[in-house]
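The sequence lines fix the lettering, A, B, ..., with proteins before strands; numbering per chain opens at 1. Values reported hereafter were calculated over all heavy atoms of this structure, with side chains retained and with hydrogens, waters and symmetry mates removed.
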Protein chains: 2
Amino acid sequence: MTVIPSSLLQQYGASLNRFAKGEYIFHESWPAHFYFQLEEGSIKMFNSGENNDYIQGLFSHGESFGEPPLIADFSYPADAKAVTNCKIWVLKKVDYLRLLRDNPGVHFEFTKMLAIRLCHKTKLLNAMNTQNPEKRILTIIDYFKNKVPHPSPCYEVPFTRQAIADMTGLRVETVIKKVLRLAELGELELLDHKIVRH
Amino acid sequence: MTVIPSSLLQQYGASLNRFAKGEYIFHESWPAHFYFQLEEGSIKMFNSGENNDYIQGLFSHGESFGEPPLIADFSYPADAKAVTNCKIWVLKKVDYLRLLRDNPGVHFEFTKMLAIRLCHKTKLLNAMNTQNPEKRILTIIDYFKNKVPHPSPCYEVPFTRQAIADMTGLRVETVIKKVLRLAELGELELLDHKIVRH
DNA sequence: TATTCTTTATGACCGAAACCATAAGAATGG
DNA sequence: CCATTCTTATGGTTTCGGTCATAAAGAATA
């Protein structure tokens, strides 16, 4: 699951930096200068609006984030913020590009990951633009359920109703109501307010 | 703008195939066996729903499409259909992967393209989930306006209201009404029903 | 343990976009 | 050239999710 082995990162000059809970790693519209890979903790990428936030992604141990602007020279399309205290491997852009050039296997795995992320966003765009709130919510839940192949058939959703709202473009009251409805319909189970998907 | 030179494609065994207007190149959920690059004509990638279609992308001369499933071994997340008569370079998956392996420069350009597409979908997800219909419409128009750097400051939108609806998740009547409103507000101009963006 | 903040819950009301019907102009094809 | 289909347009109606107000349970913090 780890994108690039830490030994290889260190070999190219990466350093392990700490970010406090709530701290921003970068902001929307900033130019990209570094490769980031989470060693510990988790971060969220999101667009902040006046009323709304929209969560673009959630990343934790072993995952890298914010690489596309590094590769194709554009500015960040979203903010990145530490959800918990984090330790993050940080590598300068030129060193990262050199690492990719020197290691075709790593480069190919990276391309593969972009392809998978693109497919995910493709499916999300379809779901969020054409489906009703219930389906949108299930789409998001099932994405995270299947992200890491789970041993148990049932998946305890690790998000608040507000987080689901911020990933589906809905309002928190709507998510609350639709989740109760989905539980009635048997699509979800509620165990002491925790959402469980089978 | 051409992704891979046709000479290189031929060197790896590509053939130039014809597709008639309206013909499908592939369907959602099919496994991916070929690399496709448009020599002539244009195609659309879209999800077809009961009432709704959702257009994921429009591609024309020089552009490739449907590569991510080839790279990361998943099935197509959408249909691809010829909008006009097309000539398309078709290359077998193994040969395409060999081409990428042998040509790091081509591989890097491909990675760059995925990064750009990912950024585009990120921006779309934000716009479509958090913005009002007017902003959604302008977001789509501006994307195509800026896709190829245009000499003239004004851009004649080459889409029907229905196509805009299918890219924004709105209904055609809504697009018609909001476009008229945007013209009143001066955000768009209407020349004989053609939409022009400055 | 008290207090504050977050999260879930509920109901009333409102408004914007969907839905539906209709029509006229434009483009396409036989 | 005529017939058919597509595209743009318009107005009436409905519906669903947003908005607002309120509250209680739970979690975090002092």
Side-chain angles (χ1 to χ4, degrees), chain A residues 20-22 44 49-55 81 83-85 127-141 156-185 188-196, chain B residues 20-22 44 46 49-55 81-85 127-141 156-185 188-196:
Chain A
K21 175 178 173 176
K44 76 169 174 178
E50 343 233 296
N51 320 305
N52 284 332
D53 282 355
Y54 182 72
I55 297 176
K81 188 183 187 178
V83 171
T84 65
N85 290 329
M128 300 310 150
N129 276 309
T130 69
Q131 308 281 280
N132 60 35
E134 287 91 332
K135 292 234 182 75
R136 290 201 223 178
I137 292 168
L138 291 178
T139 298
I140 277 291
I141 290 175
E156 195 179 305
V157 180
F159 308 121
T160 63
R161 314 290 194 268
Q162 182 63 61
I164 294 172
D166 290 345
M167 292 190 281
T168 51
L170 300 166
R171 295 279 136 174
V172 67
E173 300 94 327
T174 304
V175 173
I176 288 168
K177 286 164 187 170
K178 296 300 180 185
V179 163
L180 290 169
R181 179 97 191 93
L182 284 165
E184 271 177 31
L185 295 170
L188 296 174
E189 200 178 339
L190 286 178
L191 295 179
D192 191 28
H193 302 154
K194 272 278 151 219
I195 302 169
V196 177
Chain B
K21 175 177 172 175
K44 75 169 174 180
F46 66 107
E50 343 234 294
N51 319 306
N52 284 333
D53 283 355
Y54 182 71
I55 297 177
K81 188 185 191 176
V83 171
T84 65
N85 291 328
M128 300 310 150
N129 277 308
T130 68
Q131 308 282 281
N132 61 33
E134 287 91 334
K135 290 234 183 77
R136 288 201 224 179
I137 292 168
L138 291 179
T139 297
I140 278 291
I141 290 175
E156 195 178 304
V157 180
F159 308 120
T160 63
R161 314 289 195 268
Q162 182 64 60
I164 293 172
D166 290 346
M167 292 190 281
T168 52
L170 300 166
R171 295 281 135 172
V172 66
E173 300 94 325
T174 305
V175 173
I176 288 169
K177 287 164 188 171
K178 295 303 181 183
V179 163
L180 291 170
R181 179 96 193 94
L182 284 165
E184 272 178 32
L185 294 170
L188 297 174
E189 200 179 340
L190 287 177
L191 296 179
D192 191 29
H193 302 154
K194 272 277 150 220
I195 302 168
V196 176

Trainee: Sequence neighbours excluded, which residues qualify as ring-ring contact (aromatic ring centres under 6.0 Å, His included) partners of F159(A)?
Mentor: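 Here the qualifying residues are F144(A).
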Trainee: I'd like to check the side-chain hydrogen bond (donor to acceptor under 3.5 Å, both in side chains) partners of E184(B); sequence neighbours left out, ordered by chain and number.
Mentor: R181(B)
Trainee: Which heavy atom of A82(B) sits nearest to which heavy atom of A20(B), and what is that distance?
Mentor: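 Shortest heavy-atom separation between A82(B) and A20(B) comes out as CB-O, 3.4 Å.
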Trainee: Distance-only criterion, 3.5 Å: show the donor-acceptor pairs between side-chain atoms of residues 161-170 of chain B and protein atoms not counting sequence neighbours.
Mentor:
| from | atom 1 | to | atom 2 | distance (Å) |
| --- | --- | --- | --- | --- |
| R161(B) | NH1 | H193(B) | O | 3.2 |
| R161(B) | NH2 | H193(B) | O | 2.9 |
| Q162(B) | NE2 | D166(B) | OD1 | 3.1 |
| T168(B) | OG1 | I164(B) | O | 2.8 |
| T168(B) | OG1 | A165(B) | O | 3.3 |

Trainee: The helix from dT1(C)-dA30(D) to dG30(C)-dC1(D): angle between its terminal axes, five pairs each, to 10°?
Mentor: 60°
Trainee: Provide the start and end nucleotides, 5' to 3', of the part of DNA chain D that has atoms under 4.0 Å from heavy atoms of chain B.
Mentor: dT7(D) to dG12(D)
Trainee: Which letters describe nucleotides 11-30 of chain C, given B = protein heavy atom under 4.0 Å from base, S = only from sugar-phosphate, - = neither?
Mentor: BB----SSBB----------
Trainee: Identify, with sequence neighbours excluded, every residue that meets side-chain hydrogen bond (donor to acceptor under 3.5 Å, both in side chains) alongside D53(A).
Mentor: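 For D53(A) there are no side-chain hydrogen bond (donor to acceptor under 3.5 Å, both in side chains) partners, ignoring immediate neighbours.
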Trainee: Between N129(B) and M128(A), what is the shortest heavy-atom contact and its length?
Mentor: OD1-CB, 3.5 Å
Trainee: For E156(A), which residues count as a side-chain hydrogen bond (donor to acceptor under 3.5 Å, both in side chains) partner, sequence neighbours excluded?
Mentor: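 Listed in chain order: nothing, the list is empty.
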Trainee: K178(A): which residues meet the salt bridge (Lys or Arg N to Asp or Glu O under 4.0 Å) condition with it, sequence neighbours left out?
Mentor: E134(A)
Trainee: Just to verify, what does T130(B) make a side-chain hydrogen bond (donor to acceptor under 3.5 Å, both in side chains) with, not counting sequence neighbours?
Mentor: N126(B)
Trainee: Output all residues satisfying side-chain contact (heavy atoms from CB on, under 4.5 Å) with K135(B), sequence neighbours left out; order by chain, then residue number.
Mentor: Q131(B), N132(B)
